[in-house]
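Nothing here was measured: the structure is a model prediction, and the numbers come from that model.
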There are 2 protein chains.
Amino acid sequence: MVTIDKFSRTPVYEQIADGFCREVLCGLMPEGAQMPSVRELSVLLATNPNTVQKAYLELDRRGVISSAPGVGSFIRTGAADAIRENMKSRMSEIAAIAKELALAGIPEEEALNCIRSAYRDSDQSKIKKE
Amino acid sequence: MVTIDKFSRTPVYEQIADGFCREVLCGLMPEGAQMPSVRELSVLLATNPNTVQKAYLELDRRGVISSAPGVGSFIRTGAADAIRENMKSRMSEIAAIAKELALAGIPEEEALNCIRSAYRDSDQSKIKKE
DNA sequence: TAACTGTACTAACCGCCATAGTACAGTTGC
DNA sequence: GCAACTGTACTATGGCGGTTAGTACAGTTA
């Protein structure tokens, strides 16, 4: 399930959107799967319907879901690809931080190992599921 | 000189603090060097004295400068080390993004190359200065 | 028709950032 | 001592974004 950290600096609506993106990538939300309704999810997450709606709007913008009044919101076909495409833009964030690290004289190997261990952790959790 | 991007999402006071950290790491602001006065810098950057003061407070919190009324603000001895120490916390940011990339199925090599090219760029600018 | 769905809108509140202005205390150099 | 600088503190204000609250409307489904 998607969880909310009330004390995080990242807005709740973004946490919700990111959470569902993660579920899509994990396969928990396959193409065509129905999202919980705006009102239902707002109860589950103990938040406001408007906040959930904002999250769904964001997911729509990212090409992850499509919604229809009276019907509901569903995972789009090709949602995972859309997420991957959005994800690539985050590489520039890594690059920006890496430049600062380089300037600070932190060894390149440390930064590289940081990436490697992150990928290793991710592989581990995949193995656990299999 | 430290520059301000008015349209950036990162607060001005943080841009100022980050800017001086960069200058310290570059050697432009050696230990013991005097910072411009709060009022002087506020004029140079076309911003408010309060904003500059907030930046100086942040730099003090980071262990980069120390201030005394009537005297001024100066780069602390060991400022560069303090900055490096603060910088290490940013590695967790890289790790968090890397985990997302891993989950999204973006190849590890792409992420690693992102780091490598960032370090290469940084080396280039060092060579230029030499 | 009833019960659901998404969607739109206004109003209000809060926190953070920035600006504006004023004031006080300490240091320095004349 | 005085003038000119330094950091520091304080209140007040405005803007922006995020969140909550409440209401309302339109479309779909059983």
At the 4.0 Å heavy-atom cut-off to chain B, mark where contacts on DNA chain C begin and end, going 5' to 3'. C:dC17 to C:dT27
For A:Asp81, give me all partners under side chain to side chain donor-acceptor pair (under 3.5 Å), at least two apart in sequence or on another chain. A:Arg84
Just by modelled atom types, is the B:Thr10 backbone N or O under 3.5 Å from a matching donor or acceptor in the B:Gln15 side chain? yes
Side-chain donor/acceptor of B:Glu58 to backbone N/O of B:Tyr13, under 3.5 Å: no
Value rounded to 0.5 Å, distance of CD1 in B:Ile75 from SG in B:Cys21: 8.5 Å
Partner residues of B:Glu40 under the salt bridge (Lys or Arg N to Asp or Glu O under 4.0 Å) criterion, sequence neighbours left out: none
Quick one: does any side-chain atom of A:Ser8 pair with a main-chain N or O of A:Asp5 as donor and acceptor, under 3.5 Å? no
Which parts of residues 30-39 of chain A get close to DNA chain D, meaning a heavy atom less than 4.0 angstrom away? A:Arg39
Residue pair A:Gly70/A:Ala46 against DNA chain D: nearer the 5' end by closest nucleotide is A:Ala46
To the nearest Å, give me how far apart CD (A:Gln53) and C1' (D:dA21) are. 14 Å
Do nucleotides 11-19 of chain D as a string where each nucleotide becomes B, S or -: B if the base has a protein heavy atom under 4.0 Å, S if just the sugar-phosphate does, - if no protein is that close. -------SS
Between side-chain atoms of residues 98-105 of chain B and protein atoms elsewhere (two or more places apart, or another chain), which donor-acceptor pairs fall under 3.5 Å?
residue, atom, partner, partner atom, Å
B:Glu100, OE1, A:Arg90, NH1, 2.7
B:Glu100, OE2, A:Arg90, NH1, 3.1

Carboxylate-amine/guanidinium proximity below 4.0 Å for B:Glu109 and B:Arg116: yes
Taking A:Ser117 for the side chain and A:Asn113 for the main chain, is one N or O donor matched with an acceptor at less than 3.5 Å? yes
How far does CZ of A:Phe20 sit from CD1 of A:Ile83, to the nearest 0.5 angstrom? 11.5 Å
